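Okay, so here's the structure we're looking at.
Side chains are part of it too, since the values below use all heavy atoms of this structure and drop only hydrogens, waters and symmetry mates. As the structure is a prediction and not an experimental result, all values here were calculated from the model. Numbering starts at 1 and runs along the sequence shown.
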Amino acid sequence: METGPEPELLNVIDIEATCWDGQPPPGAVSEIIEIGLTVVDLRSAERVARHRILVRPARSTVSAFCTELTGLTQAEVGTGLPFADACRLLAAEHRAGARPWASWGDYDRNQFTRQCRATGTPYPFGHRHTNAKIPFTASHGLRKRPGMAQALKVAGLPLEGRHHSGADDAWNIAALILEVAARGAWPETTT
């Protein structure tokens, strides 16, 4: 039996975090409340899996502003995993330490770094991260790096689902990455 080429998998991550209209309340810090993850097979040029991990915040609550932006409520994220468990899940079930990963911009990587350091949680990802904005901007000859919704317009792709939903945004970012890869402009991620 002949099998196709080995998949070249990439984790596409988009997070949502507690946020406020203005400064956070005293003692509150921005914490991850949703991790959206879409797995892309760069060889077959398709999105092969879609995941959503809700994370229970420990040092902040979901504001009305945050609910309006993300659609997430305090009651909903209250059912989520503690942050350390969510990181373990990323490592165990999604091979986050071994698989290359991408996000739209550096916010997601920086927020994970900050929150892991603040909570003493092992960082779940490996070192092969791509800020997808950079190859997208270059492949389209743009002078400024666009936000995800603007990039979808530039690429002629639909915005699927709700903007500022981690799961939907990861799905849309994955479509942008596949568009960049189809142009031959996605950087090599294999070791």
Lys/Arg N to Asp/Glu carboxylate O, Arg52 vs Glu34, below 4.0 Å: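 Between Glu34 and Arg52 there is a salt bridge, with a charged N closer than 4.0 Å to a carboxylate O.
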Does a salt bridge link Arg50 with Asp168, judged by any charged N lying under 4.0 Å from a carboxylate O?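 Salt bridge flag = yes for Asp168 with Arg50.
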Could you give me the CA-CA distance, side-chain angles and deciding distance for Thr70 and Ser165, then say whether side chain to side chain contact (heavy atoms under 4.5 Å, CB included) is met? CA-CA 6 Å; Thr70 66; Ser165 152; over 6 Å; no
Applying the 4.5 Å side-chain criterion to the ILVMFWY set and letting contacts propagate, would [X] and [Y] be lumped into a single cluster?
X	Y	value
Ile134	Ile13	no
Trp171	Trp186	no
Val12	Leu157	yes
Val55	Tyr123	yes
Ile32	Tyr107	yes

For the atom pair [atom1] ([X]) and [atom2] ([Y]), what is the distance rounded to the nearest 0.5 Å?
X	Y	atom1	atom2	answer
Thr130	Ile177	OG1	CD1	7.5 Å
Arg114	Arg117	CZ	CZ	9.0 Å
Gln150	Lys144	CD	NZ	10.0 Å
Ser44	Glu8	OG	CD	10.0 Å
Asp14	Leu37	CG	CG	10.5 Å
Asn172	Asp169	CG	CG	6.5 Å

Less than 4.5 Å apart, side chain to side chain, heavy atoms only: is that true for [X] and [Y]?
X	Y	answer
Thr79	Arg56	no
Val154	Phe136	yes
Pro25	Trp20	yes
Leu90	Ile35	yes
Pro100	Asn11	no
Cys87	Pro122	no
Thr38	Ile173	no
Pro82	Asp85	yes

Please give me the minimum heavy-atom distance between [X] and [Y], naming the atom from each residue.
X	Y	value
Leu42	Ala181	CD2-CB, 4.4 Å
Ala175	Arg47	CB-NH1, 3.6 Å
Cys19	Ser63	O-OG, 2.6 Å
Met148	Trp104	N-NE1, 3.2 Å
Val40	Ala174	CG2-CB, 3.5 Å

May I ask you to decide if [Y]'s main-chain N or O and [X]'s side chain share a donor-acceptor pair within less than 3.5 Å?
X	Y	result
Arg99	Leu9	no
Arg183	Ser139	yes
Asn110	Asp106	yes
Asp21	Phe65	no
Thr18	Thr61	no
Gln111	Ser30	yes

Using a 4.5 Å cut-off between side-chain heavy atoms of Ile, Leu, Val, Met, Phe, Trp and Tyr, which other residues end up in the same hydrophobic cluster as Leu54?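 Besides Leu54, the cluster holds Ile33, Val62, Leu72, Val77.
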Going by ring-ring contact (aromatic ring centres under 6.0 Å, His included), name the residues that satisfy it together with His163, two or more places apart in sequence or in a different chain.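 With neighbours one apart ignored, the set is empty.
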Checking Trp101 now: which residues fulfil ring-ring contact (aromatic ring centres under 6.0 Å, His included) with it, not counting sequence neighbours? Phe125, His129
Residue pair Ser60 / Glu31, side-chain donor-acceptor N/O under 3.5 Å: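 Present: a donor and an acceptor within the cut-off.
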For His140 and Glu179, does a side-chain donor sit closer than 3.5 Å to a side-chain acceptor? yes
